[in-house]
Amino acid sequence: MRRINQILGLFFSKDVRKQNPNDFAKPGRDLENNQASLFEKLHSFESAKHEQQRICGPLAALTFNLVVAVGIIFLNKWVLENVGFRFPVCLTVIHYAVSWALMASLKFFSILPVSPSSELAPLSLFTFGFVNSVSTGLANVSLKYNSVGFYQMAKIAITPLIVLAEFIWYKKRIAFSKVVALAVVSVGVAVATVTDLQFIFFGACVALAWIIPSAVNKILWSNVQQQQKWTALALMWKTTPITLVFLVFMIPVDPPGLLAFHWSFSSTSAILVSAFLGFLLQWSSALTLGATSAISSVVLGQFKTCVILLGNFYLFGSDPGSTSIFGAFIAIGGMSFYTYLNIRAMKR
């Protein structure tokens, strides 16, 4: 604000009219310097990080991620089953290719936030790309071969894994009251999804293989944004090309028949809409991890499960059974308690 007042003062000061033409050189140079300083301040990575935190706080990030994630789970399942595009890794490649194209457009118009001066080391970028590709690729493979209930059930194991990993790597300790809240959430989700479990051995193996990279991925994204002041889009811009390279090498995991797929207008439109939602999901997930924590992100994922289950029951008349409804309310109660503990800790 002081800079703006100085700039405006050069135009509206009463003393300007009393100066002779030769005296305007120094104020002119001062004006240019002030404008350049203001421009640099607005385009610095600290300012970009501050703007992200101001516009998209924890509540906005969680809500954004919730809406997008619920939509893309159903749409991806529909694309893999109803559209007939039975190639989950290739679908993930399309998602990241569209994300990179969108971010390239933002960079072309100078909208993409700048990166911090402390660039990530090549090994860190390599690790990000590898973990991100394995986590996202296996997530879609798991969604293809498992029911939505089993897919959500597998997420329960991520919570204790994140708690253990953060304790080993960063010496983070979690209060006993939060442990109780997370245990209630896990039990509630397990009860809520038990009626939708369709066990397939290969799908179960994929789900187990997906758990570890998913937990590591959430921890890395949360830590880098909070400790090294990266914004979500800037970090996505750096890591997406490496993730794409790893995903391309994972395409042989898909079943055969990709080249024979019929690219009609309807199927192409559905895949592109899924890809756009994939970009929004990647962005909202990064915003959530930067604004909250890895564990809070997992709890939000469990909340999505309950929202999907209760939404189907109240809006579409589906009957998952009283056991599932009871489990969903137990999980929501645990989530509410966990949220209350976090808010109380922030106030302290």
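Excluded from the calculations below are hydrogen atoms, water molecules and symmetry mates; all remaining heavy atoms, backbone and side chain alike, are included.
Here W210 pairs with nothing under the side chain to side chain donor-acceptor pair (under 3.5 Å) rule; sequence neighbours left out. Partners of S267 under the side chain to side chain donor-acceptor pair (under 3.5 Å) rule, at least two apart in sequence or in another chain, are S264.
Under a hydrophobic-cluster definition in which Ile, Leu, Val, Met, Phe, Trp and Tyr are linked whenever side-chain heavy atoms come within less than 4.5 Å, directly or via other members, F176 and I162 are assigned to different clusters. Grouping the Ile, Leu, Val, Met, Phe, Trp and Tyr side chains by contacts below 4.5 angstrom, directly or via other members, places I212 with V253. Residue L287 is grouped with residue L66 when hydrophobic side chains (ILVMFWY) are merged at heavy-atom distances under 4.5 angstrom, including chains of intermediate members. Note: the hydrophobic cluster containing W263 also contains V273 (ILVMFWY, side chain heavy atoms under 4.5 Å, direct or indirect links). Linking ILVMFWY residues whenever their side-chain heavy atoms come closer than 4.5 Å, directly or via other members, places W78 and F74 in the same cluster.
Using a 4.5 Å cut-off on side-chain heavy atoms (C-beta onward), T288 and F64 make no contact. Side-chain atoms of V93 and M250, non-hydrogen and from C-beta on, never get closer than 4.5 Å to each other. Looking only at side-chain heavy atoms (C-beta outward), F261 and V83 come within less than 4.5 Å of each other. Side-chain contact between L281 and L277 is absent, with no heavy-atom pair separated by less than 4.5 Å. Under the 4.5 Å side-chain criterion, counting only non-hydrogen atoms from C-beta, F128 is in contact with L220.
Once rounded to the nearest 0.5 Å, the distance linking OG1 of T243 with CG of L247 reads 6.5 Å. Note: M236 CE to L233 CG = 5.5 Å, rounded to the nearest 0.5 Å. Note that the CD atom of E81 and the CG atom of N76 stand 11.5 Å from one another [nearest 0.5 Å]. The distance from the OG atom of S99 to the CZ atom of F276 is 9.5 Å, given to the nearest 0.5 Å. The line from OG of S133 to CG of L138 is 8.5 Å long, rounded to the nearest 0.5 Å. Distance check, rounded to the nearest 0.5 Å: OH of Y145 to CG of L80 gives 10.0 Å.
In this structure, S285 and N65 approach most closely via the heavy-atom pair OG-ND2, 3.0 Å. In terms of heavy atoms, V134 sits closest to P213 at CG1-CG, 3.7 Å. Here the closest heavy-atom approach between residue C90 and residue D254 is recorded as N-OD2, 2.9 Å. Taking every heavy atom of both residues into account, W221 and A232 meet most closely at CZ3-O, 4.3 Å. Here the closest heavy-atom approach between residue F337 and residue A181 is recorded as CD2-CB, 3.5 Å.
Proximity of the aromatic rings of F246 and F126 is defined here by a centroid distance below 6.0 angstrom, and this criterion is met.
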Original post:
Would L91 and F85 satisfy side-chain contact (heavy atoms from CB on, under 4.5 Å), going step by step from the backbone distance to the final call?
Top reply: CA-CA 8 Å; L91 180 64; F85 192 78; 3.9 Å; yes
Original post:
After noting the C-alpha distance and the side-chain angles of F279 and M103, does the key distance pass the side-chain contact (heavy atoms from CB on, under 4.5 Å) rule?
Top reply: CA-CA 9 Å; F279 165 71; M103 287 185 289; 3.9 Å; yes
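For the pair S274 (side chain) and A270 (backbone), a donor-acceptor distance under 3.5 Å is absent. Between the side chain of N132 and the backbone N or O of N217, no donor-acceptor pair lies under 3.5 Å.
Sequence neighbours left out, the pairs with a member in residues 92-112 that pass ring-ring contact (aromatic ring centres under 6.0 Å, His included) are W100-W237.
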